[in-house]
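Reading through the structure tokens given below for one structure.
Every value quoted in this text rests on a predicted model; they were computed, and no experiment measured them.
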Amino acid sequence: MSKVLNSFLVAYERIDHEIDSDLVKASANGTGYLDGLVTLDKPDDVDVSRFTDSHGRRGIVYYTPTGNVVVFERYVRNSESDVIPFVSNGPRWWKMLFTGAIDIDLMDTLSNNINYPNNVAKAFISDLNKYQ
């Protein structure tokens, strides 16, 4: 099992709230990315959700006040030993900071601090309000 997958599973397995698979399917953009989950409404009393799509790919939705960050397996995994990259969809600020495959450092940060994307979004909002 890759280090990135192992780190992802630490977070994935701790999350109780699961997004309905039909909602995940409806959020797909046709290229394997899940753009629609970026604008998914945050459920009450939920900070993160997990999902499995119709192909068996697993992912996590981190809710933020500026749009959600969605981290997921890019391709279908045949076994836990397959090395499959993790990618993300997110609001513009996320795309400016993090592009391409998610490396072990970012995955460890996301897994160990489930509120990381939300905290970054709030810091951006706070800074923008200060300097307007």
Side-chain angles (χ1 to χ4, degrees):
M1 180 181 306
S2 76
K3 290 180 181 179
V4 175
L5 173 59
N6 188 52
S7 182
F8 170 82
L9 290 175
V10 166
Y12 184 85
E13 292 170 359
R14 287 191 332 236
I15 298 168
D16 293 326
H17 186 262
E18 186 132 8
I19 299 172
D20 181 74
S21 60
D22 290 335
L23 186 57
V24 175
K25 185 176 184 177
S27 73
N29 70 4
T31 68
Y33 281 83
L34 303 164
D35 299 4
L37 292 178
V38 174
T39 57
L40 181 68
D41 289 337
K42 179 185 176 299
D44 292 337
D45 301 320
V46 172
D47 294 322
V48 293
S49 297
R50 70 183 195 173
F51 65 86
T52 303
D53 74 5
S54 59
H55 304 289
R57 299 181 307 162
R58 296 165 289 199
I60 298 173
V61 176
Y62 299 86
Y63 299 99
T64 84
T66 60
N68 307 322
V69 173
V70 184
V71 174
F72 59 97
E73 295 170 298
R74 177 62 181 103
Y75 303 107
V76 175
R77 187 177 301 281
N78 293 318
S79 75
E80 295 298 336
S81 63
D82 285 353
V83 178
I84 302 293
F86 281 83
V87 293
S88 63
N89 287 118
R92 188 170 36 188
W93 64 265
W94 179 262
K95 293 178 197 174
M96 291 169 60
L97 295 174
F98 306 106
T99 60
I102 294 175
D103 64 18
I104 187 61
D105 293 329
L106 179 56
M107 189 63 81
D108 279 347
T109 298
L110 292 167
S111 294
N112 294 321
N113 181 0
I114 212 84
N115 290 316
Y116 178 74
N118 192 36
N119 294 340
V120 173
K122 286 179 179 178
F124 276 131
I125 291 168
S126 175
D127 284 353
L128 287 172
N129 290 334
K130 280 185 206 174
Y131 300 106
Q132 285 187 355

Evaluate the side chain to side chain contact (heavy atoms under 4.5 Å, CB included) criterion for residues Asn89 and Asn29: first the C-alpha distance (whole Å), next the side-chain angles of each, then the deciding distance (0.1 Å), finally the verdict. CA-CA 11 Å; Asn89 287 118; Asn29 70 4; 5.7 Å; no
Separation of [Y] [atom2] from [X] [atom1] (nearest 0.5 Å):
{"X": "Phe8", "Y": "Ile104", "atom1": "CZ", "atom2": "CD1", "answer": "12.5 Å"}
{"X": "Thr64", "Y": "Asn115", "atom1": "OG1", "atom2": "CG", "answer": "11.0 Å"}
{"X": "Ile60", "Y": "Ile114", "atom1": "CD1", "atom2": "CD1", "answer": "5.5 Å"}
{"X": "Ser7", "Y": "Leu110", "atom1": "OG", "atom2": "CG", "answer": "8.0 Å"}

Is there a side-chain contact between [X] and [Y] (heavy atoms, below 4.5 Å)?
{"X": "Leu9", "Y": "Ser111", "value": "no"}
{"X": "Thr66", "Y": "Trp93", "value": "yes"}
{"X": "Asn113", "Y": "Asn119", "value": "yes"}
{"X": "Phe98", "Y": "Val71", "value": "no"}

Apply the hydrophobic cluster definition, ILVMFWY joined by side-chain contacts under 4.5 Å directly or through others, and give me every member besides Val87.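 Val87 shares its hydrophobic cluster with Ile19, Leu23, Val24, Tyr33, Leu34, Leu37, Val38, Leu40, Val46, Phe51, Val61, Tyr63, Val70, Phe72.
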Do Leu97 and Ile102 land in one hydrophobic cluster if side-chain heavy atoms of ILVMFWY residues count as linked below 4.5 Å?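 The answer is yes; both residues are in one hydrophobic cluster.
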Is Val10 reachable from Ile84 through a run of I, L, V, M, F, W or Y residues, each pair having side-chain heavy atoms under 4.5 Å apart?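 No, separate clusters.
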For Pro65, which residues count as a side chain to side chain contact (heavy atoms under 4.5 Å, CB included) partner, sequence neighbours excluded?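 By the side chain to side chain contact (heavy atoms under 4.5 Å, CB included) rule, Pro65 matches Asn118, Ala121, Lys122, Ile125.
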List the residues meeting side chain to side chain contact (heavy atoms under 4.5 Å, CB included) with Asp103, not counting sequence neighbours, and say none if there are none.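 Checked Asp103 against side chain to side chain contact (heavy atoms under 4.5 Å, CB included); matches are Asp105, Leu106.
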Is there a side chain to side chain contact (heavy atoms under 4.5 Å, CB included) between Leu5 and Phe86? Walk through the geometry before answering. CA-CA 8 Å; Leu5 173 59; Phe86 281 83; 3.9 Å; yes
Any salt bridge (charged side-chain N to carboxylate O under 4.0 Å, His left out) pairs touching residues 29-48, not counting sequence neighbours?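 Qualifying pairs, neighbours excluded: none.
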If you look only at pairs with a residue in residues 10-29, which of them pass as a salt bridge (charged side-chain N to carboxylate O under 4.0 Å, His left out), with sequence neighbours excluded?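 Passing the test, one end in residues 10-29: Glu18-Arg50.
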Residues in salt bridge (charged side-chain N to carboxylate O under 4.0 Å, His left out) contact with Asp53, at least two apart in sequence or another chain: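 If we apply the salt bridge (charged side-chain N to carboxylate O under 4.0 Å, His left out) test to Asp53, skipping adjacent residues, the hits are Arg57.
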I need the minimum non-hydrogen distance between Tyr12 and Gly59, along with the two atoms involved.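 Looking at all heavy atoms of both residues, the closest pair is CE1-O, 3.5 Å.
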